[in-house]
Amino acid sequence: MLNSPAVVENAQQLLTGHAHLFINGEKKMRVYGQYVHLPASWFKAGVNQVAVSLNSHQHENWTWQGNTVMGSVFVDLAEPQLVLHQFSSQPLLSHHHH
C-alpha cells in the first residue's frame, strides 16, 4: 500500500508521503515503510481499532474520487482469529468485508 503512488484529486502529478497510524482513535505515529512494530501497551483488553490514513508530506489526506484513502482493522488480541473485521474507504482493485 505505501509503495504505490496515489493521486490527489485536482493534482496532475504523482505524490509521495507517509501514513498516519491510529489505535482506538489516537494518533500513535507516522509510518514511512511497509512494516511497523505495535507495542502491546497501545492496546486495551477487548476489541481495538487500528486505522491508517495516507497523507502527503504536508499531512493532507490523500483522496481518490472524493474519498479519503484509509483503512482499518478491528482486532482482539485475546481471540484466536486476531482480525475481527477490516475496512478500506477506497479499495483500488476490490473490496472485501470479513
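- Val52 and Ala19 get closest at one heavy-atom pair: CG1-CB, 3.5 Å.
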Quiz item: Run the side-chain contact (heavy atoms from CB on, under 4.5 Å) check on Asn61 and Val69 step by step: do they pass?
Solution: CA-CA 7 Å; Asn61 290 325; Val69 179; over 6 Å; no

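- Taking all atoms of both residues into account, the shortest heavy-atom contact from His18 to Val31 is CB-O, 3.3 Å.
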Review item, side-chain donor-acceptor pairs of residues 37-47, under 3.5 Å, at least two apart:
none

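- Taking 4.5 Å as the limit, every side-chain heavy atom of Phe74 sits out of range of all side-chain heavy atoms of Gln86.
- Shortest non-hydrogen contact noted between Met70 and Ala51 is CE-CB, 4.5 Å.
- Looking only at side-chain heavy atoms (C-beta outward), Phe22 and Ser53 come within less than 4.5 Å of each other.
- When the salt bridge (charged side-chain N to carboxylate O under 4.0 Å, His left out) test is applied to Lys27, no partner is found at least two apart in sequence or on another chain.
- Residues that satisfy the side-chain hydrogen bond (donor to acceptor under 3.5 Å, both in side chains) test with Asp76, not counting sequence neighbours, are absent from this structure.
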Self-check item: Worked check of side-chain contact (heavy atoms from CB on, under 4.5 Å) between Leu84 and Val75
Solution: CA-CA 5 Å; Leu84 305 175; Val75 299; 5.9 Å; no

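- Residue pairs meeting the salt bridge (Lys or Arg N to Asp or Glu O under 4.0 Å) criterion with at least one member in residues 28-43, sequence neighbours excluded, are Glu26-Lys28.
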